[in-house]
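Quick note on labels: first sequence line is chain A, next is B, and so on, each numbered from 1.
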There are 2 protein chains.
Amino acid sequence: MASKKYHHGDLKNALIQAGIKILAKEGVGGLSLRKVAKKAGVSHSAPYAHFPDKQSLIAAISTEGFKQLYAELDAAVSPYANDPRRQLEAGAWAYVQFAMNNTDTFNIMFSGVLEKEKDYPAFVESSRKTFERVVDVVRACQDAGVLRPAPAELLAVSVWGQLHGIVSLALEGQISHVVLDRFSVREIVFSALNQMVLGNPLS
Amino acid sequence: MASKKYHHGDLKNALIQAGIKILAKEGVGGLSLRKVAKKAGVSHSAPYAHFPDKQSLIAAISTEGFKQLYAELDAAVSPYANDPRRQLEAGAWAYVQFAMNNTDTFNIMFSGVLEKEKDYPAFVESSRKTFERVVDVVRACQDAGVLRPAPAELLAVSVWGQLHGIVSLALEGQISHVVLDRFSVREIVFSALNQMVLGNPLS
DNA sequence: GACAATATCTTGACGGTGTCAAGATTTGGA
DNA sequence: TCCAAATCTTGACACCGTCAAGATATTGTC
């Protein structure tokens, strides 16, 4: 469709999608504006009509990552609307899965690749929305006596941080083989989460 | 000393130190082999006599970071050899402080900048040694009934992961202002750690 | 001490990068 | 219809990592 017009039609999105693919295939180090442009079939500086600089494209890709993360989180959690314990379990695992299945996207979202997050409102908003979903689950767990009483947002940072830390260390190869030889990532994650859970443990 | 010889004398270390300074001043994005070389007073490809490539220099800088982290951790923990609870408290806070005072070093150590960690034995060893120190503290806490019984390495991953996750999110600006308006990073960290601690809370 | 092997460092080149300026082309609104 | 704005191309610039060739210093051996 619209194969060879001078104007692309939807270049901005095409660039984002091309960027996502290159990121997945070649990693953060392999992501260049020029490759993205070539993949989208335009000249090397066409992207500047839609993004003021490379950071801005990275922000857009990261934002897309957050939307996907939110969607997967929500999809994992929604089926258990009246079972907070399972919501916590499913949501946590969805987060870990997302990180492990989209290593490089996870990286640009969370690893300082984007230098001035605050400058990108869409990024901030999509990340805020994701956090809100976590807070929802935490609050439900508190109401059901699955998590201890505490300011929900504070507890949410704790839970999210726990997941985020473990999966980050795992992706970095920083988890000792002494541990990895004996436990799966799933076991490590749930072992950690269970420290926070009151009553019956997760699995 | 030895100001203008053709041979530098200790270029390898000079390059690492120059790299550390540039990293601290200009961030990961500003770290280039050529700048490092210039700062050390040598030509742009002199580094190749000591490092096969840029990744290798990054590995050396990261290794230095781990040594510093280990030193600070050890210094914080050692004074309380017979008070495991305070060891945990002091060690945890030292970790967080290191991350916040050396943002960019922390970044290259843990954020996927180094792509094949396994290829750098010194890096792996210095990171392993740091983890061992954490395990020591965790074991002492278990013996004293401060942390629950469990495989010490597994619990150590949990504790380390918790700290690492929270401080990583904080550095990325991912912690909601709703939380930051009400709690300091120290409060967030200890609130999280206290979920793991049996008996009297930390502070 | 002489000399060869080796380690260290310089110079120069290559392709790839982000970014900018100038100009071409297309689109949309007055 | 016509012009302003949006979009895209071409060409240039400085910077980057890396490599090859050669200069210079150090070290080990006789």
Side-chain angles (χ1 to χ4, degrees), chain A residues 1-23 25-62 104 108 112-116 119-120, chain B residues 1-23 25-62 104 108 112-116 119-120:
Chain A
M1 68 283 281
S3 48
K4 269 314 226 7
K5 313 197 312 182
Y6 188 91
H7 278 36
H8 180 287
D10 193 23
L11 183 55
K12 184 163 188 173
N13 278 310
L15 291 169
I16 295 174
Q17 293 308 318
I20 291 174
K21 279 180 192 149
I22 292 178
L23 187 62
K25 196 172 303 173
E26 311 187 37
V28 182
L31 182 66
S32 82
L33 270 183
R34 292 171 102 108
K35 272 189 209 157
V36 168
K38 174 168 282 183
K39 182 147 206 152
V42 292
S43 80
H44 65 260
S45 57
Y48 285 87
H50 303 277
F51 301 99
D53 53 24
K54 186 183 180 182
Q55 284 281 305
S56 186
L57 173 60
I58 291 178
I61 297 176
S62 301
D104 299 282
I108 65 167
V113 178
L114 191 56
E115 286 165 10
K116 298 188 153 186
D119 292 357
Y120 306 95
Chain B
M1 72 271 284
S3 47
K4 270 312 227 12
K5 313 195 312 182
Y6 188 91
H7 278 35
H8 180 287
D10 193 23
L11 183 56
K12 183 162 188 172
N13 279 310
L15 291 169
I16 294 173
Q17 294 307 318
I20 292 174
K21 280 179 192 148
I22 292 178
L23 188 62
K25 196 172 305 174
E26 310 187 38
V28 181
L31 181 66
S32 82
L33 271 182
R34 293 171 101 109
K35 273 189 208 158
V36 168
K38 175 169 281 184
K39 182 147 208 152
V42 293
S43 79
H44 65 261
S45 56
Y48 285 88
H50 303 279
F51 300 100
D53 53 23
K54 186 184 181 183
Q55 283 281 305
S56 186
L57 172 62
I58 290 178
I61 296 176
S62 301
D104 300 282
I108 64 167
V113 179
L114 190 56
E115 285 165 11
K116 298 187 152 187
D119 292 357
Y120 306 95

Protein-nucleotide distance (B/E26, atom CD; D/dC15, atom P), rounded to Å: 12 Å

Side-chain N or O of A/S32 closer than 4.0 Å to phosphate OP1/OP2 of C/dT17: yes

Donor-acceptor under 3.5 Å (A/Q55 side chain, A/E115 main chain): yes

5' priority, DNA chain C, between B/K12 and B/H44 [closest heavy atom]: B/K12

Over all atoms of both residues, closest heavy-atom pair of A/I61 and A/I16: CG1-O, 4.2 Å

Shortest non-hydrogen contact from B/P47 toward B/L33: CB-CD2, 4.2 Å

Out of D/dT18, D/dT9, C/dC9, whichever nucleotide has its closest atom nearest the side chain of B/A46: C/dC9

Separation of C/dA21 C1' from A/D53 CG (nearest whole Å): 17 Å

Whole-Å distance separating the CG atom of A/L33 from the C1' atom of C/dC20: 13 Å

Protein-nucleotide distance (B/K38, atom NZ; D/dC15, atom C1'), rounded to Å: 11 Å

Salt bridge (charged side-chain N to carboxylate O under 4.0 Å, His left out): pairs with one or both residues in residues 28-55 of chain A, sequence neighbours excluded: A/E26-A/K35

Rounded distance (Å) that lies between atom P of D/dG17 and atom CD1 of B/I22: 10 Å

B/K54 side-chain proximity, nearest of C/dT8, C/dG18, D/dG17: D/dG17

Touch class at under 4.0 angstrom, heavy-atom based, for A/K35 against every strand present: sugar-phosphate

Distance in Å, B/L31 CG paired with B/K25 NZ, rounded so as to fall on 0.5 Å steps: 13.0 Å

Whole-Å gap separating C1' (D/dC19) and OH (B/Y48): 8 Å

Whole-Å distance separating the CD atom of A/E115 from the C1' atom of C/dG18: 13 Å

Between the first and last five pairs of the helix from C/dG1-D/dC30 to C/dA30-D/dT1, the angle of the axes, rounded to 10 degrees: 10°

Nearest-neighbour nucleotide for the B/A49 side chain, C/dC9, D/dT7, D/dA20 considered: C/dC9

Rounded distance (nearest 0.5 Å) linking atom CG of A/D104 with atom CD1 of A/I22: 12.5 Å

Rounded distance in Å - CZ (B/R34) to C1' (C/dC9): 15 Å

Closest heavy-atom pair and its distance - B/V36, B/L15: CG1-O, 3.4 Å

